[in-house]
Each structure stands twice: as C-alpha cells, then as structure tokens.
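Comments concern the structure below.
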Amino acid sequence: ALKTQIANFHFDNCLMNGSGIYCSERESLAKIDQSAAGTFITKTATLEKRLGNPKPRYFKFQIGSINSFGLPNLGIDYYLDALADFQAKNPEKTYFLSVAEMSAEKIYQVLKIVQASDFPGLIELNLSCPNIAGKGQLAYDFDSTDRLLGEIFTWFNKPLGIKLPPYFDPSHFDQMAEIINKYPLVFVNAINSIGNGLVIQGQKTAIKPQHGLGGLGGSIAKPTALANVHAWFTRLRPDIAIIGTGGVSSGQDAFEHILCGASMVQVATALGHQGPDIFARISQKLESIMADYGYHDISDFRGKLQYR
Ligand code: DHB
C-alpha cells in the first residue's frame, strides 16, 4: 500500500500535487481531491489577491518547463474558506496550505491569520519563490532564514513545514541542516523549481518576465531533486519528514524519491501536462515496482538507497 504519514497525520496515498499546479481555485483542488492522490496543497497564498507577472509566463519544452508566474493567487482568505469546505466534506483527510509573503513582517501576518483560523492541516511556508523581481529566494539567505524561523516559533503552534529551493553544494546542506534541526518543523519539501534558468525559442526568450528568467521543472529537475531529498534525509532529525518534489512523472521517479528518503512525493510539471489522472497511473506503476522488489509498504524501502 502507498500509505504514509507526516508527524501524526496519515495519508492513504503518498502522492499529491506540488504547489502551483492544479491548485489555484476550488475547481482544480476538487479534481485532485477526487483523484487517487492522498491529498492536495493549495497554490501559495499571500495576504491579498495577486495577478502575477505578465504573460507568457510558462513554457514547456521537451525535457522540462520554465515558469515565472509571480505568485498569482486569490489571497489567503479564499484558500482558508475553500479548505474549510473540503474539510467539512472529508473530516478525516489532512490537507496542505501553502503560504508566502515578500517580507518577514508580512510572513508573520499571514501566519497569524492561519494560526487564528480553524485550519487543522499542515502548513507549508514557501521560502523559495524565484520569480518576484527584486526579492531573492529567502532560503538562500541562511541568517535571514534562521531569524525568521526563530521568531515564528516563539508563537506559531500549528504544524509547519518549509519548501526549499535546490542547493548545489554540500556545505550549504550542512549549514541549512544545522538551522532546520533547531526548530520544531514537521517537514521539509525539496525542491522548488531550479531558479533563474533561461529558455530560448528562435531568437526570443520563451517567457516574458525578467528577461526570460524562470524556475525550471520537469524531468531535468529530477537528479537535483533526488540529491536534495537524500541530503536532507541524511542530515535532518528523523522526526522531520521529507517531501520529495522534482521531475516526477512515472512510478519509477516516485520510487527513486522514496528510496532517497521522501515520505511523500509531489507531482508538479507532469500533473500540469497530464491532469489528475496521473496520480492513478503513477500509483499503479509504483505498486508494481514495489511488488517486484518484494516491498509491501513505502516504509520498507524509504531512505534505503544503496551506494555502489
Ligand atoms: C511561483 C513560483 C514558485 O516556484 C514558487 O515557489 C512560488 C510562486 C510563481 O511564480 O507563482
């Protein structure tokens, strides 16, 4: 079976969407809710509704995708209302809410709204949006991340995780792990898109914002994602669950993320291209790969990557 858990929250299926894909309004969320996925996460919500960056802001190519949406979303109140309705219909199910803001003060504000709400699920703080002009990815600033989490955990008491960007240097994993391990985070999600790539069509940038720069996802992200998932698995406290995201479109991809240490696996670019039926397809293939190896549950092989 594909059941899994994060802290004391249980899921029938370890697959779900990655934030940003199929999750901006109630209708899309409902489709994932009714699919084989174990749950859904919302589009990253900010204090107010945002329209995002000018179009074109998404482009799909052979082996991946580039995006610079710029955090278009309907605002925190919309997602909290929607979640309350889904929760009322499925009292036993755990949902994820994604939030972000552009400054520490505004992050506190949005988290205070979540804290004051009845939302009983898991909260993902997105520290890694690459697409806001003039704002670096927060999680690339270790001291700011440390200060931010330090402040948040003086008052925030709902189950919180963070969405991280990819890192590319073992010393960065070491430094960030030392910070993360100080706080009662319940999960880390790795990775967000690989920031600030450039894709060209003819002589023009494929997307419009910021001279064509955008976050890369899809198959090309998988090796980086697996390296990050395994880096966190080997460094973080065992009670911090890892969500694996990046380059998942098949049962084999999901199997590899779990082997690297993921307790849950998110599907993003491929979900955007194939729609929510992808969850049933990946589930079936993942179960058959597990059966071939003699595994019954994902806990039988999670993190058990073998080294040559
Ligand atoms: C957007 C992209 C991201 O990778 C992210 O983490 C948040 C928002 C976006 O452009 O909307």
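Along the sequence shown, residues carry numbers from 1. Each ligand, and each atom within it, is numbered from 1 in the order the structure gives.
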Stepwise side-chain contact (heavy atoms from CB on, under 4.5 Å) test for I162 and L149 | CA-CA 10 Å; I162 50 178; L149 293 176; 4.2 Å; yes
Check the pair I41, Q266 against side-chain contact (heavy atoms from CB on, under 4.5 Å), reporting the backbone distance first and the verdict last. CA-CA 9 Å; I41 184 165; Q266 296 188 338; 4.3 Å; yes
Candidate pair L164 and N189, rule side-chain contact (heavy atoms from CB on, under 4.5 Å), full reasoning = CA-CA 6 Å; L164 294 174; N189 185 348; over 6 Å; no
Notebook entry, point to check: Would you call the rings of F96 and F187 parallel, tilted or perpendicular if under 30° counts as parallel and over 60° as perpendicular?
Noted result: perpendicular
Query raised in the report: Going by the angle between their ring planes, with limits at 30° and 60°, are F40 and F86 parallel, tilted or perpendicular?
Result: perpendicular
Show me the donor-acceptor pairs within less than 3.5 Å that the side chains of residues 167-184 make with the rest of the protein, sequence neighbours left out.
residue, atom, partner, partner atom, Å
Y167, OH, A139, O, 2.6
D169, OD1, S171, N, 2.9
D169, OD1, S171, OG, 2.9
D174, OD1, R235, NE, 2.7
D174, OD1, R235, NH2, 3.1
N181, OD1, R237, N, 2.8
N181, ND2, A177, O, 3.2
N181, ND2, R235, O, 3.0
K182, NZ, D146, OD1, 3.0
K182, NZ, D146, OD2, 2.9
Y183, OH, D146, O, 3.1
Y183, OH, D146, OD1, 2.6

So what's ligand 1 close to, N/O to N/O, under 3.5 Å?
residue, atom, partner, partner atom, Å
ligand 1, 4 (O), N192, OD1, 2.6
ligand 1, 4 (O), S193, OG, 3.4
ligand 1, 6 (O), N126, OD1, 3.4
ligand 1, 6 (O), N126, ND2, 2.8
ligand 1, 6 (O), N192, OD1, 3.4
ligand 1, 6 (O), N192, ND2, 2.5
ligand 1, 10 (O), F69, N, 3.1
ligand 1, 10 (O), G70, N, 2.6
ligand 1, 10 (O), N131, ND2, 2.8
ligand 1, 11 (O), K43, NZ, 3.0
ligand 1, 11 (O), G70, N, 3.3
ligand 1, 11 (O), L71, N, 2.6

